[in-house]
Asker: 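Sharing a structure, written as structure tokens. Questions coming.
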Amino acid sequence: MTPPGTMVPSATQPGATDLAGLHHALDGWFAESARELPWRSPDCSPWGILVSEVMLQQTPVVRVLPVWEDWMQRWPTPAHLAKEPAGEAVRHWGRLGYPRRALRLHAAAVAIQEQHGGAVPGTHHELLSLPGVGDYTAAAVAAFAYGQRETVVDTNIRRVHARLVSGHALPAQSLTAAEMRLAEALLPHDTSLSVRWNASVMELGAVVCTARSPKCAECPVRASCAWLAAGEPPPSYTPKGQAWHGTDRQVRGAVMAVLREADAPVPREMFEHAPADLGFAPSGVGVPLAALHRLNSAPQQLGRALDGLLRDGLAELHDGGLQLPA
DNA sequence: GATCCGTGGTA
DNA sequence: TTACCAAGGAT
């Protein structure tokens, strides 16, 4: 067994891996072929970077781009968003998914305004205290917005480390202490290089070292890859899928689609029974309401979904109807 | 630590 | 078509 705290690439692959060489190779690759994303622009504000990181949680870049652009134009600073009702953040979250993120981003904007003088805080500790900001997002914002040396560990970085260094097809099913130690051991000591290293490993995982059918022929560090050297062994477990059809989540999503389109409280009966004349419904909700009814979910399930949304603060009762939070 | 939380593209 | 998967966080 490798003693804790001493796990370095050279201990795993004696003589096979030159850490500085890896740093240089990925740094060059990133400079040459990284995607140009607006939140990577030198003029992107810390607020823009924070918004992008939250939107990118479990959500692909291509779907984040248009919503991020809309948000930045609409709310260029935390103060702009903090002045709005929380429901506006949810409404303009659109179909990004996990709408609680919009709620928390709004709460984060309020906290930034009230507790940080309107400026996104720059330390990992302060960032971590913001709603919706966990260890990954705090590290990412500290690194990418404030240039700090942070151990950034996301799903892409975990997968690259698993393959490149550990020789596994996939990382462990949950983030382990050993993975954090490895990430720390791999992080360049130079602060500026460490920021680019975090970004480049993440980019490699997103574009080349993908979960399914990785493009190893295009990989700038394939010669050092422990997984390739081992003959691409298969994963030691089969990932369990995320159920969707027939779940409460599906019903919640359909209800949220109705609320986003509504310009007035939607009577609760409208969620349970298709009104003979949708003219009685708030304008615009006809299509999402029909989609909800098409699910034909049991009254008990619909009840659970509505209660859950109220409990989570994604919906509120007004005049006997549901609407986005004020 | 396991579970819950949206949505849509892709193999 | 079904199932996997995507820059996680909160409980």
Side-chain angles (χ1 to χ4, degrees), chain A residues 34-35 37-40 48-68 90 93-105 107-108 127-145 150-160 169-177 183 195 198-207 209-215 235 237-260 288 291-292 295 304-305 307-309 311-315:
Chain A
R35 294 168 294 178
L37 302 173
W39 44 85
R40 285 178 177 164
I49 291 174
L50 172 60
V51 171
S52 79
E53 290 298 345
V54 174
M55 288 184 172
L56 286 163
Q57 291 167 4
Q58 300 287 284
T59 308
V61 166
V62 289
R63 290 180 37 219
V64 166
L65 280 169
V67 182
W68 185 88
V90 176
W93 196 252
R95 305 186 66 80
L96 273 190
Y98 292 149
R100 289 186 293 189
R101 292 183 291 168
L103 220 46
R104 291 174 179 144
L105 209 35
L127 287 161
L128 198 54
S129 74
L130 297 174
V133 175
D135 198 58
Y136 161 75
T137 302
V141 172
F144 302 139
E150 293 278 330
T151 305
V152 180
V153 178
D154 78 323
T155 188
N156 288 310
I157 290 176
R158 294 182 63 211
R159 187 174 53 252
V160 170
L170 296 174
Q173 293 184 268
S174 60
L175 180 58
T176 66
V195 172
N198 283 323
S200 61
V201 176
M202 206 178 308
E203 180 79 354
L204 187 74
V207 175
C209 196
T210 51
R212 289 176 295 185
S213 28
K215 304 172 177 66
Y237 62 92
T238 57
K240 60 177 298 190
Q242 308 161 340
W244 175 247
H245 289 286
T247 63
D248 290 2
R249 297 166 80 171
Q250 186 183 28
V251 179
R252 284 172 58 114
V255 171
M256 288 305 299
V258 173
L259 298 184
R260 280 197 306 270
L292 171 64
L295 296 179
R304 278 199 309 273
D307 290 347
L309 292 174
R311 166 179 45 81
D312 291 344
L314 284 166

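The figures here come from the full heavy-atom set of this structure, side chains too, leaving out hydrogens, waters and symmetry mates. Proteins get letters first, then strands, A, B, ... in listed order; numbering begins at 1 in each.
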Asker: Looking at every strand, decide which applies to A:A211 at a 4.0 Å heavy-atom threshold: base, sugar-phosphate, or nothing.
Answerer: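 If one applies the 4.0 Å heavy-atom cut-off, A:A211 turns out to touch the sugar-phosphate alone, with no base involved.
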Asker: Return a single string for nucleotides 3-11 of chain B, one symbol per nucleotide in 5' to 3' order, where B is base contact, S is sugar-phosphate-only contact and - is none, cutoff 4.0 angstrom on heavy atoms.
Answerer: S-BBBSB--
Asker: So does A:A172 get a backbone contact from the side chain of A:R158, meaning a donor-acceptor N/O pair under 3.5 Å?
Answerer: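 Here the side-chain-to-backbone pair exists.
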Asker: In this structure, which one of A:R249, A:Q57, A:Q58 forms a side-chain hydrogen bond (donor to acceptor under 3.5 Å, both in side chains) with A:Y98?
Answerer: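 Result for side-chain hydrogen bond (donor to acceptor under 3.5 Å, both in side chains) with A:Y98: A:R249.
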Asker: Side chains of A:V153 and A:D135, heavy atoms from C-beta outward: is any pair under 4.5 Å?
Answerer: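 No. Closest side-chain heavy atoms not under 4.5 Å.
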Asker: Just checking A:R159: base, sugar-phosphate only, or nothing, at a heavy-atom cut-off of under 4.0 Å?
Answerer: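 The answer is sugar-phosphate, as A:R159 gets under 4.0 Å only of primed atoms, P, OP1 or OP2.
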Asker: Quick one: on DNA chain C, does A:P131 or A:S52 contact a more 5' nucleotide (nearest heavy atom)?
Answerer: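 Looking at DNA chain C, the more 5' nearest nucleotide goes with A:S52.
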Asker: By the 4.0 Å heavy-atom rule, please label A:T155 as base, sugar-phosphate, or nothing.
Answerer: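 A:T155: backbone/sugar contact only, no base atoms under 4.0 Å.
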Asker: What distance, rounded to whole Å, do you find between the two C1' atoms, one in B:dG1 and one in C:dA7?
Answerer: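 My reading of the C1' atoms in B:dG1 and C:dA7 gives 23 Å.
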Asker: Below 4.5 Å, heavy atoms only, C-beta onward: do A:V61 and A:W39 meet side chain to side chain?
Answerer: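 The answer is yes, as the side chains (C-beta and beyond) meet within the 4.5 Å cut-off.
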Asker: Looking at A:R260 and A:W93, would you say the former's side chain and the latter's main chain have a donor-acceptor pair under 3.5 Å?
Answerer: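 Absent.
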Asker: Between C:dG9 atom P and A:M55 atom CE, what is the distance in whole Å?
Answerer: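 Checked: the CE to P distance equals 16 Å.
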Asker: Just checking A:W39: base, sugar-phosphate only, or nothing, at a heavy-atom cut-off of under 4.0 Å?
Answerer: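 The residue A:W39 makes base contact.
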Asker: Would you indicate what A:T137 reaches in the nucleic acid, counting non-hydrogen atoms under 4.0 angstrom: base, sugar-phosphate, or nothing?
Answerer: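 Touches sugar-phosphate only.
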Asker: How many whole angstroms separate atom CD1 of A:I157 from atom P of C:dG8?
Answerer: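 My rounded result for the distance is 10 Å.
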Asker: Identify whether any heavy atom of A:L37 sits under 4.0 Å from a base atom; if not, whether one sits that close to sugar-phosphate; answer base, sugar-phosphate or nothing.
Answerer: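 Answer is base: heavy atoms of A:L37 come under 4.0 Å of a base.
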